[in-house]
Amino acid sequence: QVQLVESGGGLLQAGGSATLTCVASGGTLNFASVAWFRQVEGKEREFVAANTQSGMSNYYADSVKGRFTITRENAKNMLYLQMNSLKPEDTAVYYCAAALNYIPAINIRNLDEYDNWGQGTQVTVSS
């Protein structure tokens, strides 16, 4: 198990950019599959982006493809989500997640595969 803490959210303008950061402690992310999810109140948590255990492949939700970038810095045990061209519909609580076990690519978007979660950071995009 690892503890995850997100930061970097806040009130943002449409068209703007921001970077979310997730710091891990109590364990290493070096061999973990990592991801970002988001949730709007009253709706299910949805997949945003993931980086595979090998670190070699990224996956994105269609709604953020071309605008968001997931990166990781294993030496610092940190995960990032660079968000560009923000839209009001990006408003949500953003969660980072990690799975210490291998996740096949076909399941990488499935939140049930992740057993380590942060508490979330609110991102609000105003028009």
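- The two residues V34 and A98 make their nearest non-hydrogen contact at CG1-CB, 4.2 Å.
- Residues R72 and N74 have side chains that bring a donor and an acceptor to within less than 3.5 angstrom of each other.
- With contacts defined as side-chain heavy-atom distances shorter than 4.5 Å, the pair L111/F47 does not qualify.
- Judged by distance alone, the side chain of T121 and the main-chain N or O of G9 form a donor-acceptor pair under 3.5 Å.
- Interatomic distance, M78 CE to T71 OG1, rounded to the nearest 0.5 Å: 9.5 Å.
- Taking the ring centre of Y95 as origin, the terminal cationic atom of R45 falls inside the region bounded by 6.0 Å and 45° from the ring axis.
- Both L79 and V2 are part of a single hydrophobic cluster, where members link through side-chain heavy atoms under 4.5 Å apart.
- For the pair E6 (side chain) and C96 (backbone), a donor-acceptor distance under 3.5 Å is present.
- With a 4.5 Å cut-off on side-chain heavy atoms, N51 and W36 do not count as touching.
- The minimum heavy-atom distance linking A35 with I70 is given by the pair CA-CD1, 4.2 Å.
- Using modelled atom types, no side-chain atom of E73 and backbone atom of N77 make a donor-acceptor pair closer than 3.5 Å.
- Interatomic distance, Q53 CD to N30 CG, rounded to the nearest 0.5 Å: 11.0 Å.
- Between S33 and N101 the shortest heavy-atom distance is OG-O, 4.3 Å.
- We find the OH-CZ distance between Y94 and F37 to be 13.0 Å, quoted to the nearest 0.5 Å.
- Using a cut-off of 4.0 Å between Lys/Arg side-chain N and Asp/Glu carboxylate O, K87 and D90 are scored as not salt-bridged.
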Trace of the side-chain contact (heavy atoms from CB on, under 4.5 Å) decision for Y60 with N58: CA-CA 7 Å; Y60 295 96; N58 292 333; 3.6 Å; yes

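- With contacts defined as side-chain heavy-atom distances shorter than 4.5 Å, the pair L81/F68 qualifies.
- To the nearest 0.5 Å, atom CG of residue L86 and atom OG of residue S127 are 12.5 Å apart.
- Checking R67 against N84 by side-chain atom types alone, no donor-acceptor pair falls below 3.5 Å.
- In this structure a side-chain-to-backbone donor-acceptor pair under 3.5 Å is present from T91 to V125.
- The nearest pair of heavy atoms linking Q3 to G26 is OE1-CA, 3.7 Å.
- In this structure, Y59 and T52 have side chains that are in contact, with non-hydrogen atoms separated by less than 4.5 Å.
- With rounding to the nearest 0.5 Å, the separation of CG in L20 from CZ in R38 is 11.0 Å.
- Between atom CD1 of residue I103 and atom CD of residue E113 there is a gap of 5.0 Å, rounded to the nearest 0.5 Å.
- Remark: side-chain polar atoms of N116 are not paired, donor with acceptor, to backbone N or O of Q1 under 3.5 angstrom.
- Side-chain contact check for Y114 versus I108: some heavy-atom pair is nearer than 4.5 Å.
- Judged purely by distance below 3.5 Å, without hydrogens or angles, the side chains of Q82 and T19 pair a donor atom with an acceptor atom.
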The test is side-chain hydrogen bond (donor to acceptor under 3.5 Å, both in side chains); show your working for T124 and Q122 and say whether it passes. CA-CA 6 Å; T124 302; Q122 175 70 47; 3.3 Å; yes

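- Between the side chain of Y80 and the backbone N or O of T69, no donor-acceptor pair lies under 3.5 Å.
- Annotation: side chain of M83 is in contact with side chain of V123 (closest heavy-atom distance under 4.5 Å).
- In this structure, E89 places its CD atom where more than 12 heavy-atom neighbours from other residues, nucleotides or ligands lie under 6.0 Å away.
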